[in-house]
Amino acid sequence: MSSSEGEDNVPLAKRRATNDAVNGNGNVASDDPSKDTTNGVKAEKASDSEDDVPLNGRASRAKAKTPATNGSAKKRTATAAKANGTTTPKAKRAKKEESSETPKPKVKKETSTSSAKSKVKKETPSPAEKKKSKVKSESPGPSNNTGEEEDDEEEERKWWEDMGQEDDTQKWTTLEHNGVLFPPPYEPLPNSVRLIYDRKRVVLKPEAEEVAGFFGAMINTQHAENVVFQQNFFNDFLRVLEESGGAQTEDGKSIELTDFHKCDFTEIFNHYEKLRNQKKALSSIEKKKLKAERDAMEEKYKTCLIDGRREPVGNFRIEPPGLFRGRGKHPKTGKLKARVQPEQVIINIGKDAVVPEPPEGHEWAEVRHDNTVTWLANWKENINGNNKYVLLAASSSMKGKSDFKKFEKARELKKHVKRIRADYRKELDAQKTEHRQRATAMYLIDVLALRAGGEKGEDEADTVGCCSLRYEHVTLKPPNIVVFDFLGKDSIRYYQEVEVDKKVFRNLKIFKKNKTEGDDIFDRLDPSILNRHLQNYMPGLTAKVFRTYNATYTMEQQIDKIPNEGTVGEKVVAFNAANRTVAILCNHQRSVAKGHEASVGKIEDRLKELNWEKTRLKKKILQLDKGEKKKDPQYFEEIDTFTKEEIAEIQAKIIERDQIRAERKFQRENEKLEAEGEKVQGDDVWKERQAKVDEKAAAFKEELKSGNPALKNTDTVEKLKEQVKKLEDRITNTSLQLKDKEDNSTVALSTSKMNYIDPRITVMFSKKFEVPIEKLFTKTLREKFAWAIESADEKWRF
DNA sequence: AGTGTAACTTAGCAAGGAGGGA
DNA sequence: TCCCTCCTTGCTAAGTTACACT
């Protein structure tokens, strides 16, 4: 709604990220800097120019306060909000709670369902409440839900119409669900399939065999070639082997396994490969039937009831055991990810709901009734000790609300960004190193969209973000070019040569002084310090909000540049180009698809061919009328661009292709005839076909010699010119396609579309440019962003 | 004040299915 | 019509951030 008032933002210069990602298989693509197409980047976004907002007491106070302050976050939040004049929902709540008798529920472990419930009920009798009681009466048995109440759906889904006054410490009032789905038990291999060790087939207990199977099934992947992965797998395998009583040869002698390289998994691999193929080979009817069976069995897990509304559950499946596929140089990659037992799983559910039954003979670790969290179940994973959660699906109102809030927060930042930028510009000169570092980091986060960059442990992959940048990640090229080269989240390489503000350059130089490889550049800074500082400007402001803000802002700028003309297809391409700018800003890469090079090569060949065909047409024109050349010499300039060798090559390719096509066609026709019980075509037919190909080849040869294509007697100058035109269209189209393919080969558009670009921008584009939303959002995305599709119009502004 | 952890959000990859061109 | 490509979908790893704890 807030119309773009300000040019407070110079659009980001185009940058080109490198494709040198780690491919997720632990192989850091060995650096080949020559490959890095690096364009210098001008980074000057936060120009203090025309700063009409008075830098009033607020800013200076915030600044003065920050260093000394160690008051509670709550206090600061309230102050900031007050100073702000804008009473955000959060601030309102804070005020409310201060005055209300009940202190803010400090709930973490113990459940305050009842107290929190009653409190909220008194304060906000929301529409959802009313519905709740209504549905409640309809569905008596909590957990035998099969998704009936379809009637009041439209009503249900419009949570976005009354956003803003909800309590976000309490996530639900009633919650019913059917728990989680465990993976099927291990099915031992048939006796014909064994691990082979030192050329001997060995017998394993199912426990050990399962682990060997995990590896065996993936020996064709990159993981299996990673030495760390092999080591970690083998250690865990040996441990399980020992625990299960060791291995025997087939004649019953016990055998000790000690050397990974003596293991031969081919039998196991072939077995699983066979199963995969069998599954693939099923008829579509059988596949459908199996799917229907699976769906029926999973039905009850797919939804839950929250405050009486039926909501989709996301990952209700407990993660199956396997080998941990840590990314990049993760030290634990390949370790055994153990099977999760019900005894490890905590169920979170409403107090009055029926608790789902654990699998026969088992029990849940705990049944909890914590309404301050959104998860339905959780367990601790054994590799890193992380918690895994069963959460609602992206299309649920719970996720929708939090998405909505995320984007609203980014929009809120728009109001403050000018001042924040002015401040960190000024603070680039601060006396205190801490402040100078903070300002420099803010610059990087704002301009380059870096992540916050928290500290990481020894037992994780060595990746960094802004605050954790080290000496070796930043190279300075005077006067003010900085080369960033580091592995970020997911071990994706960030490589960027950037022209930065002179002060930033100077500061980085200072921060690097007297340090060496391994030392933190920002040694006085970490995300919590940075975020604490940001809270002074705006409640809830953190480093990551800048990524959202800048992504959406950039998208809006890009869209504003698109002319509202042309076909839908052209508009979609333009939209994607805008999207790509954002993806590049956020460094969203993907590894190049396996067949990419080949398929690009194919298109290039095709282009070459088309261009050659064009020169042929023009040569034909000249044969018909030499005078044409005088009329328009430029038009005929290109006719000699191809050397004889190139032409020969192109011709050979065409003939080769024709040959293959002719053969294939002939074969297929015969197969069909045979299937229909008719007589197949004989040699004579084939000879005819072959002759045609040979004829063309001969004509080509002749043409190569003479330099002139043979004319057809239907050819006229006009017709030929028309053909040239058509060819030109095809050429433009094909090169556009090629460019798109190349541009997209290393850039992932989906991540920014899904997580960073306010969907209302896309909806605005859809409406303003009359491009159906289906062309911009997939079905899942449309479900996820239903709130945006309904609430934004063609005038919507970020 | 620093550290650890819970709770989410963000991320790229693999498999599979839909859709489009020869 | 068939194949192949491309895109979606599902999966789970890897981040961030708030907050509890000491």
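Just so it is clear: chains get the letters A, B, ... in the order the sequence lines come, proteins before strands, and each one is counted from 1. The analysis underlying the following values was restricted to heavy atoms, covering all of them including side chains, and did not include hydrogens, waters or symmetry mates.
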*Which nucleotide sits closest to the side chain of A/T778: B/dA7, C/dT8, B/dA11?*
C/dT8
*For A/D446 and A/N550, test the side chains for any donor-to-acceptor distance below 3.5 angstrom and give the result as yes or no.*
yes
*Tell me: CG of A/L391 to C1' of C/dG10, nearest whole Å?*
15 Å
*Does a salt bridge link A/K291 with A/D295, judged by any charged N lying under 4.0 Å from a carboxylate O?*
yes
_For C/dT16 and A/N531 - does any side-chain N or O of the residue sit under 4.0 Å from the phosphate oxygens OP1/OP2?_
no
*Mark yes when over 12 heavy atoms from residues, nucleotides or ligands other than A/K775 sit less than 6.0 Å from its NZ; otherwise mark no.*
no
*Give a yes/no on whether any side-chain N or O of A/N755 is located under 4.0 angstrom from OP1 or OP2 of B/dT9.*
no
*A/R294 CZ to B/dA15 C1', straight-line distance once rounded to whole Å*: 12 Å
*Result of checking A/R493, A/H330, A/K456 against A/T463 for side-chain hydrogen bond (donor to acceptor under 3.5 Å, both in side chains)*: A/K456
*Return the value, rounded to whole Å, for the distance between atom CD of A/Q535 and atom P of C/dT17.*
10 Å
Report all interatomic pairs (protein N or O, nucleotide N or O of nucleotides 11-14 of chain C) with separations under 3.5 Å.
{"residue": "C/dC11", "atom": "OP1", "partner": "A/R317", "partner atom": "NE", "Å": "3.1"}
{"residue": "C/dA13", "atom": "OP1", "partner": "A/K337", "partner atom": "NZ", "Å": "3.2"}
{"residue": "C/dA13", "atom": "OP2", "partner": "A/K388", "partner atom": "NZ", "Å": "2.6"}
{"residue": "C/dA13", "atom": "O4'", "partner": "A/R327", "partner atom": "NH2", "Å": "3.2"}
{"residue": "C/dA14", "atom": "OP1", "partner": "A/R327", "partner atom": "N", "Å": "2.7"}

*asked:* Counting only side-chain heavy atoms from C-beta out, which of C/dT16, B/dC8, B/dG12 sits nearest to A/T751?
replied: B/dG12
*Candidate pair A/E319 and A/K388, rule salt bridge (charged side-chain N to carboxylate O under 4.0 Å, His left out), full reasoning*: CA-CA 9 Å; A/E319 292 175 14; A/K388 298 283 193 162; 3.3 Å; yes
_Can you tell me which nucleotide in C/dT16, C/dA18, B/dC8 comes closest to the side chain of A/V373?_
B/dC8
*Indicate whether OP1 or OP2 belonging to B/dA11 is found under 4.0 Å from a side-chain N or O atom of A/S750.*
no
*asked:* Would you say A/K544 places a side-chain N or O within less than 4.0 Å of OP1 or OP2 belonging to B/dT10?
replied: yes
*Remember a base hit wins even if backbone is also touched, and classify A/G465 as base, sugar-phosphate or nothing at under 4.0 Å, heavy atoms.*
nothing
*Is the distance from OP1 or OP2 of B/dA11 to the nearest side-chain N or O of A/R547 less than 4.0 Å?*
yes
*asked:* If I take atom CD1 in residue A/I529 and atom P in nucleotide B/dG2, what distance separates them, rounded to the nearest angstrom?
replied: 7 Å
*asked:* Please classify the nucleic acid contact of A/N378 as base, sugar-phosphate, or nothing, using heavy-atom distances under 4.0 Å.
replied: sugar-phosphate
*If you check every side-chain atom of A/S402, which of B/dC8, B/dA7, B/dT9 has the closest atom?*
B/dT9
*Take the protein atom CG of A/N579 and the nucleotide atom P of C/dC7, then report the distance between them rounded to whole Å.*
13 Å
*asked:* Does A/R276 reach a base, just sugar-phosphate, or nothing at all? Heavy atoms under 4.0 Å.
replied: nothing
*asked:* Is it true that A/S752 and A/N579 share a donor-acceptor pair across their side chains at a distance under 3.5 Å?
replied: yes
*Can you tell me if the side-chain N/O atoms of A/K779 get under 4.0 Å from OP1 or OP2 in B/dA18?*
no
*Taking the six-membered ring for Trp and the single ring otherwise, decide whether the centroids of A/H223 and A/F233 are under 6.0 Å apart.*
no
